[in-house]
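Data first, discussion second: the structure below is written as structure tokens.
In what follows, every chain begins at residue 1, and chains take the letters A, B, ... in the order their sequences are listed.
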Amino acid sequence: MAHYDFKTIEAKWQKNWADKNLFKVTEDESKEKYYVLEMFPYPSGKLHMGHVRNYSIGDVIARYKHMAGYNVLHPMGYDSFGLPAENAAIKNGVEPAKWTWSNIAEMNVQLRRLGLSYDWDRTVATCHEEYYKWMQWIFIQLYKKGLAYKKENPVNWCPSCATVLANEQVVDGCCERCGSVVGKKSLSQWYFKITDYAEKLLSNLETMDGWPNKVKIMQKNWIGKSVGAEVDFEIEGFDRKLKVFTTRPDTLYGVTYMVLAPEHPYVEQLVEGTGYKAAVDEYLDKVEKMTDIERTSTTNEKTGVNIGRFAINPLTGKKVPVFISDYVLMDYGTGAIMAVPAHDQRDFDFAKKFDCEIIPVVDPGNPDIDINNLEAAFVAEGTMINSGQFDGMNNKAAIEKIIDHLVETGIGKKSINYRLRDWLISRQRYWGTPIPMIHCDDCGWVPEKEENLPVILPTDVEFTGKGESPVATSKTFVDTVCPVCGKPAKREIDTMDTFLDSSWYYLRYCDARNREEAFNYDKVKYWMNVDQYIGGVEHAILHLMYARFFQMALYDMDLVTTDEPFKNLLTQGMVIKDGKKMSKSIGNVVSPDEIISKYGADTARLFILFAAPPERELDWSDAGVEGSYRFLNRVFRLVTDMEDRVKAGADTYELKTSADKSLAYEMNATIKKVTEDAGGRFNFNTAISSIMELVNELYRYKEEKEINNSLLKAAVENMVKVLSPFTPHICEEMWEILGHTESIHNESWPVYDEKALVKDEVEIVIQLNGKVKEKLSVANGLSKDELQKLVMERDNTKELIGEKTVVKVISVPGKLVNIVVK
RNA sequence: GCCGGGGUGGCGGAAUUGGCAGACGCCCGGGACUUAAAAUCCCGUGAGAUUUUAUCUCGUACCGGUUCGACCCCGGUCCCCGGCACCA
């Protein structure tokens, strides 16, 4: 009996596939395409279980779709710019390029050991100049389109990484990467106008049925659309009007004070000559020194100062005081608010502390709430009061009416605000794509000429880990000439946020070796969209929104044919051990290398796919891995034991014995189950369990007196086929043992016979008052009435009912008969 | 605080349209084979009770409802996980 020697088998087939370039794919209009993509890794040098899970899921889908007749694009590459390479340079003096490329080489080996069906001819590495050349080209297109601009602004500054961070990269006021408390710094930085696409990014979500709801909701909240009105308030003795944004124009009559953000541009002029200047300056000074984390800390204690001015309510003419307070943010809305303490909890808290008037304008119509002595802001629906002509209306209905009134009287207008901010893309780092912009004293910022791309990242740099980009230390990089006027000029020394690199790599895969263009239009047209994208939920907002933005912008430039990149999204769960995330500090890390060496890649893949459905957390279990390994041994033994009989079998079979029927049923049921689970539902765990059932059935059949070799051939071969996307090496080997010379990968996916799934007899349940009392085998296809008649006429049933009275009988064909008795 | 997701045996999980709860696997127990062990194969395995080859009762976080019938639908409660968080 042959032994399952996974080491030899896996090495043999990996070489075989590579030699034949089995997974190479080209555009083929005669076939339906399928693009399956896993989020490419950062080449840290070490694959972890999360990667193995991600790529195993993708590989099953790719292999299944290929066998099912699709022209499958399944690429892999490296998101290879980024901080760790630079840190290695600072720490160990290794060149980032060298460090990165050696990591890529290492990961390449590890990925190949997993037996993944990638078209390696399409691989990309974002740090390769053939990639970042086109990254720069896309940047310039965005710039030309008006979607990239430079602006001096206070930005999130990580003191430890010595770089700026996008809003999305600040988590709880701390740097997403290193955890340092993020501060503020005023810097001139490049931004992308992602806010131009806020509405589209939001509204497209509605039709994206192939995305998990969770991710869509997270993006929706992040975009944060608010509909309301912009209202102009006059300020006494000031020639400019103060604009505010509100979602509650219905509460305009309840405004009792105004608040400006400390950074609001009017503050300086407004406080001039009021006698409040000293207090205001002191407050401004205090606020400026605060970090975001302090400023937004959850202690609801409001702070602020009166600036000694009065605003005039445009509807009532009432004079109200003006404050500054840090609970009003400069970068949302207009940086100023009208305060309605009766109907907004934050305003209420502030009013209580600063002793401002509270005027209720929405009546809850609830005797439990004392409207003139509120204990908290009333924010629910009610009836308008104290609001002039609008009294008596429902406040929701009044919103529209008041906006109409504002428009008629020229006081305000309808307005929409988004929480989404523009995307800050400059990084004061070395290991990233140089921003291809040049500053000329005469012409300002101008893009490098496209024929001069790529702007090569210099290598004559020093890594200090402090201050501005190391690129500035290059003797060759900075000085250049203006592409417009030819005078001496200076290059931008900042590099791009690496999230740009990953915002279009899926397009590059469609045409990865193109030296003339970023990607060919027709090739992209053929392959896009990505039919199935797979990755961790941690990318729900950042990467997945940036990539959508890129796709939309490129679509509007007619460079691509769709405005969304990813048709279906699968967010895989984390791999954990003993209920905790795998981490070095806890010491519960299981290395893929170790598992592959001990059990082989097929076992690793099988376990990871079997232990949990892909979206859920996966609890690593060493015993479970043993189980998967045992199963593969069991399958291998079965196939080698049955080899001669299978080879002797014919291509068609007849069912003679009941064991034949049972095996044929199990075979077809398994094909159906795996087809549904691997092809659409992606519940690989149940697909595998059904294959296990078929294998168990085959072991039973093996002991039969009469064995039908032809049926056995069909059952064994189909079993190997449906197993092959999960554990490809062992299946190739078994396929060869069974006498085949072509790769199983190029076999077509088996079809099940619906007729074979119709059993002659079905087991139905007899219930008494909904409780199962008896199971009964009856002929299949009985009607509701026939079934009921048959059951009710049985002696056993009569005995079951006994003295009781039958009230009702529910009969469900093929399922059950429920007798309701009293 | 707001918005999502979840809670099923000792464990991972299954139950696809409201119809046999616990598939498949792990663990554990028993047996066969073996000088022995490993491997393999077979049997058992939600809990409890009893008159124990079987029968009955309970059982999907908790309380209640709808229904002939609820892990599934509805209302309420508790707990866990994730996201956002002074966004006017």
Side-chain angles (χ1 to χ4, degrees), chain A residues 1 3 171-172 212-222 224-226 228 244-248 251 259 261 295-302 325-329 331-340 343-347 349-350 417-421 537-538 540-541 573-574 579 606-607 610-613 615-628 630-631 633-634 637 673 676-677 680-681 683 685-693 695-696 699 703 763-775 807-812 814-821:
Chain A
M1 184 173 60
H3 165 66
V171 178
D172 294 333
N213 226 3
K214 178 191 170 80
V215 174
K216 288 195 284 187
I217 287 166
M218 280 166 74
Q219 293 210 351
K220 190 180 166 187
N221 291 341
W222 192 265
K225 180 179 181 175
S226 291
V244 300
F245 171 72
T246 178
T247 53
R248 295 290 305 276
T251 62
V259 189
R295 189 163 162 175
T296 62
S297 79
T298 47
T299 55
N300 256 6
E301 192 68 17
K302 295 280 182 287
S325 171
D326 65 357
Y327 84 93
V328 175
L329 310 171
D331 56 357
Y332 181 76
T334 63
I337 60 151
M338 57 178 225
V340 187
H343 304 292
D344 181 287
Q345 190 57 42
R346 295 155 301 178
D347 297 347
D349 294 340
F350 188 91
N417 264 285
Y418 300 91
R419 302 171 71 155
L420 184 70
R421 310 290 148 88
V537 73
E538 67 273 16
I541 298 172
M574 265 200 311
L606 186 72
F607 168 72
F610 177 62
E615 294 194 277
R616 222 184 287 191
E617 251 179 14
L618 187 151
D619 203 351
W620 186 269
S621 143
D622 292 328
V625 178
E626 289 276 356
S628 293
R630 263 203 298 273
F631 172 72
N633 274 286
R634 193 167 146 86
R637 220 161 34 237
K673 180 84 184 142
E676 288 169 358
D677 283 349
R681 229 164 63 110
N683 280 9
N685 55 332
T686 51
I688 293 166
S689 79
S690 78
I691 299 171
M692 287 173 169
E693 284 177 88
V695 170
N696 290 344
Y699 265 90
E703 302 305 317
E763 193 175 69
I764 62 130
V765 171
I766 301 173
Q767 295 183 333
L768 204 62
N769 287 344
K771 293 219 162 88
V772 180
K773 291 291 165 186
E774 208 184 334
K775 290 171 187 181
V807 181
K808 195 173 174 183
V809 179
I810 284 103
S811 165
V812 183
K815 294 246 163 77
L816 59 84
V817 173
N818 186 14
I819 304 157
V820 185
V821 297

So, OP1 or OP2 of rC41(B): does either fall under 4.0 Å of a side-chain N or O from R637(A)? yes
Side-chain N or O of R681(A) less than 4.0 angstrom from OP1 or OP2 on rA15(B)? yes
Considering just the side-chain nitrogens and oxygens of R616(A), establish if one lies under 4.0 Å of OP1 or OP2 belonging to rA14(B). yes
Of I819(A), N818(A), V772(A), the residue whose pairing with I766(A) passes side-chain contact (heavy atoms from CB on, under 4.5 Å): I819(A)
Is the base of rU17(B) syn or anti, if syn means a glycosidic angle within 90° of 0? anti
At 4.0 Å (heavy atoms only), tell me whether Q767(A) reaches a base, stays on the sugar-phosphate, or touches nothing. base
R419(A) side chain N/O closer than 4.0 Å to the phosphate oxygens (OP1, OP2) of rC86(B)? no
Check whether any side-chain nitrogen or oxygen of T334(A) sits under 4.0 Å from OP1 or OP2 of rA88(B), and answer yes or no. no
For rG69(B), decide between syn and anti, treating a glycosidic angle within 90° of 0 as syn. anti
Is K220(A) touching bases, backbone alone, or none of the nucleic acid, heavy atoms closer than 4.0 Å? nothing
How is D347(A) classified with respect to the nucleic acid when contacts are heavy atoms under 4.0 Å: base, sugar-phosphate, or nothing? nothing
Name the nucleic acid region contacted by V328(A), choosing base, sugar-phosphate or nothing; use a 4.0 angstrom heavy-atom cut-off, strictly under. base
Same-atom distance (P) from rU67(B) to rC62(B), integer angstrom: 23 Å
If the C1' atom of rC56(B) is compared with that of rA61(B), how far apart are they to the nearest Å? 27 Å
Rounded to the Å, how far apart are D677(A) CG and rG13(B) P? 16 Å
